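When a residue number appears, it is its place in the shown sequence, counting from 1. Worth saying up front: this structure is predicted, and the values here are computed from it rather than measured.
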Amino acid sequence: MLKGLFKKLLLLFVVLAVLGAGAAYYAVNQIQQNLPQIITLQDYKPLLTTQVYDRSGKKIGEFFRERRILTPYDQMPKNLVNAFIAAEDDQFFQHKGVNYLAIMRAAIANFQAGRKVQGGSTITQQLAKTLLLQTNERTYMRKLREVFLAHKMEENLSKEDIIFLYLNQIYFGAGAHGVGVAAQTYFRKDIKDLKLSEMAILAGLP
């Protein structure tokens, strides 16, 4: 009798496991089919500032919906890039879009604190959220979409491409979109003229 009951329970467990796996596969497939298309650098056309100069070359005004100046990666000081990586994602050049250890570490810290005190998102995930998902909703579905997009971005873009997009896309407050305008807004300098301490401050703003 016990043997027969055990077989029935085992069969029930197998059926539930198969159904669960099928449901998970279907859900993942649906999420992937509805993801935004991964952009290339050629597709990236953000809102930029239009600057107006007089006949002598002096800037007299500007027009914008998002105040942003596009800064090529090769014009970004190495220390500036390193400052953002140190502040936001110190394993950026090692992971493939998602740092699962960092997510686990953040989850434990948040659980112990009873509130969110750490984030586990990588730079690639943050870029996926701000550039492709364009939402700040805090749901598990949004997080899953962000993870899938981060993996796809790492497959289609180089690390340098991702840093270029990230530093030109993110918002720094005070109407400054992108690191080029942030340097001008907070320090009235081009990014090439920033001191190391100023770079560190900018890296801490997001």
Side-chain angles (χ1 to χ4, degrees), residues 16-17 20-21 23-25 27-28 30-32 34-36 38 66 68 76-155 157 159-179 181-183 185-187 191 194-206:
L16 290 176
Y25 175 81
V28 168
Q30 287 296 108
I31 293 172
Q32 290 182 327
N34 292 290
L35 290 176
I38 301 299
E66 290 184 1
R68 177 186 287 107
M76 296 177 183
K78 184 66 175 176
N79 283 334
L80 180 68
V81 172
N82 289 339
F84 276 89
I85 290 174
E88 294 291 328
D89 184 3
D90 61 357
Q91 298 297 309
F92 175 70
F93 286 105
Q94 282 73 51
H95 64 64
K96 299 297 183 182
V98 180
N99 188 336
Y100 292 101
L101 182 60
I103 292 175
M104 187 180 302
R105 185 169 59 241
I108 293 172
N110 295 339
F111 176 78
Q112 291 175 336
R115 58 189 177 88
K116 185 174 181 180
V117 294
Q118 282 188 26
S121 294
T122 63
I123 284 176
T124 314
Q125 286 176 262
Q126 294 177 47
L127 179 61
K129 181 178 72 171
T130 58
L131 182 59
L132 299 176
L133 296 179
Q134 298 180 345
T135 177
N136 286 317
E137 66 174 351
R138 299 188 176 209
T139 64
Y140 289 113
M141 182 59 69
R142 193 272 295 166
K143 199 69 177 178
L144 277 173
R145 296 178 76 210
E146 182 184 297
V147 166
F148 286 126
L149 278 172
H151 281 302
K152 285 183 175 295
M153 292 176 77
E154 293 272 351
E155 291 173 0
L157 299 166
K159 291 289 188 179
E160 291 74 18
D161 292 342
I162 291 170
I163 285 289
F164 161 76
L165 293 171
Y166 175 77
L167 290 181
N168 279 291
Q169 185 65 26
I170 55 174
Y171 182 60
F172 287 86
H177 294 263
V179 71
V181 169
T185 299
Y186 291 104
F187 302 110
I191 61 171
L194 290 173
K195 298 177 182 177
L196 184 60
S197 57
E198 294 166 341
M199 296 177 186
I201 291 172
L202 288 183
L205 288 178

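- Inter-residue side-chain proximity for Pro77 and Ile191 is flagged as met; some heavy-atom pair is nearer than 4.5 Å.
- The line from CD of Glu88 to CD of Gln125 is 12.0 Å long, rounded to the nearest 0.5 Å.
- The minimum heavy-atom distance linking Gly120 with Ile103 is given by the pair O-CG1, 3.6 Å.
- Within the model, atoms CE of Met104 and CG of Asn99 stand 10.5 Å from one another, a figure rounded to the nearest 0.5 Å.
- In terms of heavy-atom proximity, Gly178 sits nearest to Phe172 at C-CE1, 3.4 Å.
- Counting heavy atoms from C-beta outward, Leu127 and Ile170 have side chains that stay 4.5 Å or more apart.
- Here the shortest heavy-atom pairing between Ala87 and Ala203 reads CB-O, 3.8 Å.
- Rounded to the nearest 0.5 Å, atoms CD1 (Ile123) and CD1 (Ile85) are 5.5 Å apart.
- Proximity of Leu149 to Lys129: side-chain heavy atoms (C-beta onward) are nowhere separated by under 4.5 Å.
- The residues Lys152 and Glu155 are annotated as not salt-bridged, no charged nitrogen and carboxylate oxygen being separated by less than 4.0 angstrom.
- Taking both residues in full, the closest heavy atoms of Ala128 and Ala150 are given as CB-N, 4.4 Å, listed atom of the first, atom of the second, then distance.
- Phe84 places a side-chain heavy atom less than 4.5 Å from the side chain of Leu202.
- Ser121 and Lys143 share a donor-acceptor pair across their side chains, judged by distance under 3.5 Å alone.
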Met199 vs Asn82, test: side-chain contact (heavy atoms from CB on, under 4.5 Å). Steps then yes/no. CA-CA 9 Å; Met199 296 177 186; Asn82 289 339; over 6 Å; no
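- Side-chain contact of Asn168 with His177: a donor-acceptor pair under 3.5 Å is absent, judged by distance alone.
- Under the 4.5 Å side-chain criterion, counting only non-hydrogen atoms from C-beta, Thr124 is in contact with His95.
- Within the 4.5 Å cutoff, side-chain heavy atoms of Val147 are placed close to those of Tyr100.
- The CD atom of Glu198 sits 13.5 Å away from atom OH of Tyr186, with the distance rounded to the nearest 0.5 Å.
- A 6.0 Å sphere centred on NZ of Lys159 holds more than 12 heavy atoms belonging to other residues, nucleotides or ligands.
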Output, in order, the C-alpha distance, side-chain angles, deciding distance and verdict of side-chain contact (heavy atoms from CB on, under 4.5 Å) for Glu160 and Val81. CA-CA 10 Å; Glu160 291 74 18; Val81 172; over 6 Å; no
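- Atoms CD and CG, from Gln169 and Leu131 in turn, are 5.0 Å apart once rounded to the nearest 0.5 Å.
- Within the 4.5 Å cutoff, side-chain heavy atoms of Leu165 are placed close to those of Leu157.
- Taken from OG1 in Thr122 to CG in Asp90, the straight-line distance is 11.5 Å, to the nearest 0.5 Å.
- Not one N or O on the side chain of His151 forms a donor-acceptor pair closer than 3.5 Å with the backbone of Gly97.
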